[in-house]
Amino acid sequence: MCGKTTTLLLVLFTLLLTTSLSKDLCHKDDKNTLLKILKAMNISWVLEDDCCTWYSVDCDNANRVISLAISNIDVSGQIPPEVGDLPYLQYLTLRKLPNLTGEIPPTIAKLKYLKFLWLSWNNLTGPVPEFLSQLKNLEYINLSFNKLSGSIPGSLSLLPNLTALELSRNKLTGTIPESFGSFKGDVYGIYLSHNQLSGSIPKSLGNLDFNTIDLSRNKLEGDASMLFGAKKKTWHIDLSRNMFQFDISKVKVAKTVRFLDLNHNSLTGSIPDQWTQLDLQTFNVSYNRLCGRIPQGGDLQSFDAYAYLHNKCLCGAPLPSCNVKIKQPIFI
Ligand SMILES: *[C@@H]1O[C@H](CO)[C@@H](O)[C@H](O)[C@H]1NC(C)=O
Ligand SMILES: *[C@@H]1O[C@H](CO)[C@@H](O)[C@H](O)[C@H]1NC(C)=O
Ligand SMILES: *[C@@H]1O[C@H](CO)[C@@H](O)[C@H](O)[C@H]1NC(C)=O
Ligand SMILES: *[C@@H]1O[C@H](CO)[C@@H](O)[C@H](O)[C@H]1NC(C)=O
Ligand SMILES: *[C@@H]1O[C@H](CO)[C@@H](O)[C@H](O)[C@H]1NC(C)=O
Ligand SMILES: *[C@@H]1O[C@H](CO)[C@@H](O)[C@H](O)[C@H]1NC(C)=O
């Protein structure tokens with residue numbers, strides 16, 4: 001009886017031992033690097049042996065770390081340069097860490113498999129790094145809600161697989177790079193709102209068919225009519241709160257557009273009849289220099305007067321009708 005139990009225990013024990021030994025553990029280099037990163041960020045988590053099981057870490061089948069995501073915790077200091085020593089990393093997210101300061105470290109340029117870089121809502125400073133254009137696998141860049149300054153590197157247009165570039169809510173200056181009219185890849189969304197970008201936008205941007213373009217709250221000026229086009233597949237266009245100045249009378253908007261915000265610019269001309277054919281969810285042309293009758297029909301009357309106020313001489317529903325203007329002298 002006793003012997004049988006011992007044998008059974010021994011078998012169980014060996015089984016347990018071999019499974020735990022043969023159990024794949026994360027690569028020791030990656031683990032050492034992760035430990036350094038956590039230490040540098042003053043993160044003290046209770047950690048299991050296998051770093052692939054750690055909260056915020058994912059590994060591939062070869063037990064190399066491919067994803068690191070840290071958010072919403074009380075970390076302080078700079079992005080540890082050691083993040084560049086996770087050679088198989090594809091996804092890097094450091095988000096909502098208000099005490100994460102300093103520049104985006106150049107060691108990130110070593111992450112040649114990086115696809116996804118999400119560093120939003122921190123307090124990062126310095127430039128949008130030029131070296132990002134070397135990371136040819138990048139598909140998604142989101143550096144929004146930081147204090148990044150300087151101009152936007154034109155070389156980002158060389159990224160062949162980029163689908164979204166989000167740099168909104170920073171302190172970026174300068175113009176939108178000329179090269180953005182010839183992105184190598186199929187860019188789906190460009191988000192540059194709430195910066196201090198200035199100058200006119202490159203004509204070449206007319207070549208692109210973004211799903212979303214958000215240039216709101218900058219100091220951009222001149223013509224932006226090239227962004228529109230009846231044949232495009234655009235869904236969302238936000239040019240609000242800039243200094244754009246062009247005549248909208250002949251601007252054809254793609255039928256796919258649902259969001260069109262042009263408020264606070266210096267747009268002239270009258271609203272084209274073609275716009276009554278649109279299926280709009282958000283629409284705003286207030287605070288411009290538009291004139292003439294608002295075309296009647298489609299969705300244009302489903303927005304209240306606030307979508308049209310403060311123009312030069314727009315009239316017709318939802319604004320007052322066009323003929324109750326100044327009393328004309330009557331000639332008999
Ligand atoms: C950030 O740091 C400041 C000052 O060191 C501290 O008071 C604050 O609690 C920190 N906030 C977060 C979210 O870590
Ligand atoms: C980590 O915490 C220590 C002690 O609170 C502090 O002195 C150090 O500056 C912190 N490190 C970083 C990178 O913020
Ligand atoms: C950046 O830090 C300041 C204080 O230094 C804080 O008030 C602000 O919320 C932080 N920004 C972000 C986006 O967390
Ligand atoms: C880009 O995406 C394609 C298709 O998903 C993939 O085959 C390729 O390896 C990616 N990277 C580069 C640098 O083109
Ligand atoms: C970028 O990150 C911000 C903040 O987390 C988020 O609100 C925004 O939707 C993201 N942008 C894109 C294009 O995913
Ligand atoms: C249009 O924009 C103006 C100015 O920002 C704002 O006051 C108004 O509420 C907006 N109207 C609609 C219908 O979105």
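Counting starts at 1 for both ligands and their atoms, following the listed order. For this chain, numbers begin at 1 and follow the sequence in order.
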Next item on the list: Sort and list the pairs that fulfil ring pair (Phe, Tyr, Trp, His ring centres under 6.0 Å) and have at least one residue in residues 176-203, not counting sequence neighbours.
Entry: F180-F183

Next item on the list: Verify disulfide (SG to SG under 2.5 Å) between C51 and C26, making sure each step is shown before the conclusion.
Entry: CA-CA 6 Å; C51 74; C26 73; 2.1 Å; yes

Notebook entry, point to check: side-chain hydrogen bond (donor to acceptor under 3.5 Å, both in side chains) with K31: which of N63, D50, D49?
Noted result: D49

Check: Any ion pair linking K255 and D279 (charged N to carboxylate O, less than 4.0 Å)?
Finding: no

Next item on the list: Kindly confirm or rule out an N or O of K136 lying under 3.5 angstrom from an N or O of ligand 4.
Entry: no

Next item on the list: State whether D209 and K231 are salt-bridged, where the test is any N-O pair (Lys NZ or Arg NE/NH1/NH2 against Asp/Glu carboxylate O) under 4.0 Å.
Entry: no

Check: Do side-chain atoms of N242 reach the backbone of F244 as a donor and acceptor pair under 3.5 angstrom?
Finding: no

Checklist line | Contact residues of ligand 5 (heavy atom under 4.0 Å), by chain and number | finding: R95, W118, S120, W121, Y140, N142, S144, E166, Y191

Check: According to the interplanar angle, ranging from 0 to 90°, do the rings of F283 and F303 count as parallel (below 30°), tilted (30 to 60°) or perpendicular (above 60°)?
Finding: tilted

Notebook entry, point to check: Side chain or backbone of D74 under 4.0 Å from ligand 1, or both, or neither, by non-hydrogen atoms?
Noted result: both

Next item on the list: Taking only heavy atoms of P98 into account, list the atoms of ligand 1 that are under 4.0 Å away from them.
Entry: 13 (C)

